[in-house]
Amino acid sequence: MTDPRALWHPRLARLALRAATASAALAAGVAVTAAVLLAVNHVRLRLADPLDSPEMKQIKTQVAAAPKDSSLRQRLSELDSRLRQEHFSRRDMQTRGLWVLAGAIVVCLVCAHTAVISRRRLPDPMNHASPPANASALGRWAIAGCTVLLAAAAVLAGWTTRPPAPPAPTWPGPAELAANWPAFRGFDGSPVSRTSEPPTPFDVRTGKGVLWKTPLPLPGHSSPVVWDNRVFLTGGTSEKREVYCLAADDGRMLWTQTVGDIPGREPPPAEILEDTGWAAPTPVTDGRFVAAIFPNGDLVCYSVEGKLAWAVNLGTPKNGYGHASSLAMYHNLVLVQYDQGSETDGRSCLLAFDIATGRQAYRRPRSVGQSWTSPIVIATAVGDQLITCSNPWVIAYQPASGTELWRVKCLEGDGGPSAAYAGGLVLAANESSMLAAIRPDGQGDVTASKLAWKYDEAHHLPNICSPVADGTRAYLLTTEGMLTCLSMADGRKLWEHDFKEKCIASPTLAGGLLYIFTEKGAVHVLATADEYREVSTADVGESCRTCPAFAGDRMFIRTEKHLLAVGKN
Amino acid sequence: MRCWPLAIVIVLTLAGAAVAAERFPPPEFTNHVLPTTAVPPGHSVLFDVIYLAALAVALALAAMFVHVLRSRMAIVLLMVASLAYFGWFYGGCLCPVGAVQNVAQALGQGAIVPVLVVAVFLLPLIVALFVGRAFCGGVCPLGAIQDLVVLHPLRVPSWLDGALGLLRYAYLGLAVLAAATGSAYLICEYDPFLGLFRLAGPLTMVIAGLSLLAMGTFLARPYCRWLCPYGLMLSWASRFSQRRVKIAPTQCVKCRLCEDSCPVGAIQTPNDDHPIPRHQGRGVLAAMLVLLPVLIAGGAAAGRVMAPTLARLDATVRVAERLDAEASGAATGTTEAGDAFRATGRPVKELQTAAAALREKFLLGSTLFGAFMGLAIGGRLVGLCRRKTRTGYEADKASCLACGRCLKYCPVGRTAPAAPDGGDAP
């Protein structure tokens with residue numbers, strides 16, 4: 001090998017070495033600068049996604065509210081174009097910068113290589129250190145060290161892959177839920193109170209059995225929910241919406257919270273049917289928080305002490321009668337059946353929010369149109385399920401993830417009655433279709449395979465009141481006041497009774513008694529038997545369109561203007 | 001011949017194109033029509049035949065340049081040509097390195113492997129059986145791109161080199177396990193240079209490739225020496241080769257220039273004056289031989305422990321575990337993979353059944369993988385105890401990458417240039 005420097009004049013060689021070194025340093029500087037600028041530009045590109053621009057989001061919201069406003073669309077188009085131009089100019093800069101970087105690195109390497117060649121001295125191999133005498137031993141030790149590291153990695157991997165111990169649940173268990181009344185029609189899809197001493201008889205006009213009666217500031221058709229010594233319910237008008245907390249013992253108003261401004265709130269619906277009103281959905285509570293939803297899409301959550309935990313607007317629902325679906329709860333999740341529009345416009349969805357933080361856990365699209373039914377959470381032999389009803393489907397989901405489990409096509413018309421669950425059967429009904437008893441252990445469309453029985457006497461089918469069952473008998477109540485009792489074994493009609501009064505409130509079971517509330521305020525308490533037998537009657541003194549809540553030996557009833565508690569004094 | 005600057009220019013400029021290949025949604029409220037996605041036609045048989053022929057010719061040339069012409073310049077030219085053809089023209093695929101996985105999948109799952117892939121997998125191995133790692137020296141695009149950027153190679157101590165070499169065993173074992181279970185093609189997924197060859201790819205892949213190249217300026221061919229799973233198989237085959245790279249064409253003069261020139265430390269030094277007495281060496285060898293089955297058994301046990309972790313190499317297992325966690329409340333929210341599965345409408349039970357079957361496969365595969373690692377470790381320990389007397393400087397059959405640098409440096413057989421003063425040239 002020949003020393004390259006030997007071929008050059010010494011001065012020329014020195015000059016070449018200096019030039020190469022300086023050029024390498026300069027090129028390195030350019031490369032570092034270019035790399036830094038590229039990194040900054042890359043971060044900006046990543047962070048400044050045009051589609052996530054607040055300005056773009058705002059104008060999109062406005063366009064969604066007024067889709068036919070051509071000036072808005074024009075503004076959106078111009079903004080979209082401007083943001084894209086900015087984005088792509090940054091990307092062009094990135095590409096040009098990469099060329100600069102590449103060139104600088106190459107120049108740096110070429111110059112560095114030239115400098116290395118220029119400075120390289122002839123090898124002096126005889127002065128090289130010989131391999132250490134214990135090279136083999138060192139090698140063995142190194143491999144032994146690697147072996148230990150690999151074994152440790154294997155053990156660590158095996159350890160960490162163990163299924164983590166489930167965190168202690170922060171949500172109430174079944175016993176706590178059963179002792180309270182946390183959601184619309186109880187907690188497990190069967191509006192049956194476990195209380196052994198139902199509050200009967202009582203008479204509001206005379207005050208017999210009435211513990212307290214508290215006037216409510218705002219109207220509403222939501223039913224009360226109860227946790228320990230607190231009763232929660234909502235009220236609302238087109239001007240304001242409120243959440244109330246009353247003391248279960250004496251009816252004192254513990255706190256009132258008016259729903260405030262929520263960022264991103266869309267304009268409220270132009271009109272809401274009076275029968276639905278501005279506070280139709282019933283809230284849910286887990287003893288720590290209470291969550292409520294209103295027909296303008298406001299979903300709010302307060303601590304049971306009345307402190308706002310979080311609030312979000314889900315967008316104004318496209319619902320002809322006004323949103324009426326109550327909230328459901330599963331573990332730490334608030335579940336919202338947000339059905340709206342038609343089944344083809346893709347607006348309906350199932351939503352889940354963490355009740356403590358408001359973080360959206362999932363959003364599952366539903367291929368159904370608007371509905372007014374409420375979801376129920378049930379515990380079946382094959383796992384917990386969330387049951388929803390909306391023309392024409394009864395759809396079951398995994399409540400934790402929103403994964404669809406099964407569906408049955410059995411409903412027609414505007415959906416009002418919610419499902420019920422008893423005796424291992426899901427009961428779903430609607431007028432002009434049927435009462436379907438469904439075995440909830442299928443997968444996919446089980447219309448043909450999981451229908452245990454059906455009942456389709458048209459004049460017995462409800463269009464507002466939800467069915468109720470105790471595992472032995474099922475009860476249907478029509479808006480016209482026709483009550484029908486069916487056998488849960490085969491759907492055979494056992495008896496029927498016509499109250500000849502309008503009924504909006506769904507029937508409820510407590511302590512072996514069936515409670516029927518008419519719209520005028522009459523209360524019929526019936527024995528659950530194979531024949532019609534009225535145990536007692538009462539009158540709440542006002543119109544009543546809501547379902548009662550039971551907790552302990554007390555019953556909480558919302559009338560047109562009051563919340564009252566009945567039970568033993 | 002300094003071809004590497006040209007290679008770097010191409011590599012880095014193409015890296016820019018790779019980063020810029022992002023997707024963007026169509027504009028709002030315009031009449032912009034999205035172009036129809038065209039599916040390119042597959043390769044013709046002729047294309048495959050040409051590829052195979054090119055590979056065979058390149059292997060033959062590499063062997064000839066190392067063993068007959070003994071020309072480093074010719075090898076560098078072949079490297080550049082291979083880099084251009086197998087790297088950029090073919091996008092780094094098909095290549096023998098990745099073909100390992102096709103063969104493993106065929107053996108593990110009974111999948112059908114095209115003849116071309118089998119040929120591409122076997123050809124360099126067969127060549128290695130006769131003439132050593134000619135593929136690594138002049139044909140492999142992954143090796144070529146690294147070789148061209150070697151600037152100032154540092155010497156890595158042999159003990160560290162040997163320990164790092166264990167990574168190749170782990171990578172090969174994992175790649176075979178993942179492919180044999182039909183879970184993943186790890187070698188391709190984590191090929192650091194693929195993004196540079198294909199002008200597209202994740203930014204992390206491009207950065208990994210560039211980082212390896214930057215490292216390669218001082219630590220020659222790091223991927224080949226410590227990671228390449230196919231290089232490991234070639235090193236096994238080349239141990240049996242009839243011909244090793246012969247540094248000195250005649251008698252070695254022990255000038256040590258070859259040792260100084262080799263950037264990968266593949267030159268074995270004379271050891272006729274072995275420092276450790278023979279009887280002592282025998283004792284260590286016996287201990288290592290006893291340890292070998294222990295290491296194999298221990299490795300198998302460790303592999304069995306790792307089976308649940310390794311099963312997560314499979315997407316089915318990962319999605320099933322995620323859905324289970326969501327269902328039990330251990331995880332909140334959803335993942336894109338879980339959402340995609342739900343969108344198929346298939347029942348979760350079906351997924352769980354498939355995941356359970358895969359876990360069973362991984363239990364066996366991981367055990368074998370662990371045993372393989374135990375064998376590799378034990379084998380290397382035994383190999384370090386073997387005493388083989390050498391009187392001259394030799395290229396190690398297994399680790400020599402046939403790059404030809406030592407041939408350029410060896411003074412034997414060269415005509416010394418006349419010194420200006422009439423004395424001997426250095």
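Below, chains carry the letters A, B, ... as their sequence lines are ordered, and counting in each starts from 1.
Proximity to chain A (any heavy atom under 4.5 Å) is restricted, for B:Leu295, to the side chain, taken from C-beta onward. If you measure heavy-atom distances from B:Ile377 to chain A, the contacts under 4.5 Å come from both the backbone and the side chain. For chain B, no part of A:Arg96 is nearby; none of its heavy atoms comes within less than 4.5 Å. Looking at B:Ser261, neither its backbone nor its side chain comes within 4.5 Å of chain A, counting heavy atoms on both sides.
Counting heavy-atom pairs closer than 4.5 Å to chain B, the top-ranked of the candidates A:Gly383, A:Ala112, A:Ala352, A:Ser401 is A:Ser401.
Heavy-atom neighbours of chain A within the stretch residues 299-307 of chain B, taken at a separation under 4.5 angstrom, comprise B:Ala302, B:Val305, B:Met306. Contacts of residues 378-385 of chain B with chain A at a heavy-atom distance below 4.5 Å involve B:Arg380, B:Leu381, B:Leu384, B:Cys385, listed in sequence order.
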Without placing hydrogens or testing angles, list every side-chain donor-acceptor pair under 3.5 Å for residues 147-158 of chain A, not counting sequence neighbours.
residue, atom, partner, partner atom, Å
A:Thr147, OG1, A:Ile143, O, 2.7

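In this structure, the side chains of A:Arg140 and B:Met288 come closer than 4.5 Å at one or more pairs of heavy atoms.
Annotation: side chain to side chain contact (heavy atoms under 4.5 Å, CB included) contacts of B:Arg318 (sequence neighbours excluded): B:Arg312, B:Ala315.
With values rounded to the nearest 0.5 angstrom, A:Cys146 atom SG is found 12.5 Å from B:Tyr169 atom OH.
The residues A:Arg363 and B:Asp339 are annotated as not salt-bridged, no charged nitrogen and carboxylate oxygen being separated by less than 4.0 angstrom.
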